[in-house]
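Order of appearance sets the numbers: ligands from 1, and atoms from 1 within every ligand.
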Amino acid sequence: MANAVENTPVPLCVLISGRGSNLRAIGEAVAAGRLRAVIRLVVSNRADAAGLEWSRGQGIETLALPHQDYPSVEAYDEALVQALKARGVRLVCLAGFMRILGPVFCKAFPQAVLNVHPSLLPSFPGAAAQAEALAHGVKVSGVTVHFVTPELDAGPIIMQAAVPVRDDDTYETLSTRILVEEHRVYPEAIQRIIAGGWRVDGRRVVTNPVSET
Ligand code: GAR
């Protein structure tokens, strides 16, 4: 993603595996003018993902790309890159996409692949973040939006928000409160990246100093 001010809506692809509530939050932010982007394509590795149905209802192009059809992560990445480049996609947002993307994909979209994760990374990476937070007994969990790198849930952090863990929380109640924050933070983080004026300094995503002219 070119780190420059964008004047035209940025073509996004959202990758999902299921429900797609973060996808809807992104769509609502676009519709409300809070996100200067257009959802060009929604891809799911599962053909039965509910988010695909929602996308079709919105007139958004969808693509089911079942991972079982590909012999390796590299082959899957290549197919995905080809589909996205053919549609002029510039920014890729993972929203509950439960597959690893490898170096082939990450290199094709440098600093242009984002993910939302339901914990305060680096605590509790992986697919069971809320359950692991409860099992560990942390008092605060939350949401992280980060750049995607080939290492699982380990890329530079763009935004985080904390969610307190209550004594009577269950997996469902904690996940629901975290999800509310995901829907608030993810579109805002995407817009920050689109707006430009940032750089990645080591592991840190920092705002560029305002140049004096
Ligand atoms: C969200 O909670 C998202 O953070 C999580 O899956 C859920 C998808 O919900 N992603 C991960 O755990 C990735 N490691 P959604 O389909 O309703 O957006």
L41 CG to T62 OG1 distance, which is reported to the nearest 0.5 Å: 7.5 Å
To the nearest 0.5 Å, atom CD1 of I158 lies from atom CD1 of I190 at 9.0 Å
Indicate the ring-plane relationship of F97 and Y76, choosing parallel, tilted or perpendicular according to the 30° and 60° boundaries. parallel
Salt bridge (Lys or Arg N to Asp or Glu O under 4.0 Å) partners of D48, counting only residues at least two apart: R46
Using a strict 4.0 Å threshold on nitrogen-to-oxygen distance, state whether E188 and R192 make a salt bridge. yes
Between R87 and E61 (salt bridge meaning N to carboxylate O under 4.0 Å), is one present in this structure? yes
Near ligand 1 (heavy atom, under 4.0 angstrom), the protein residues are R19, G20, S21, N22, G96, M98, V116, H117, P118, G126, L179, E182
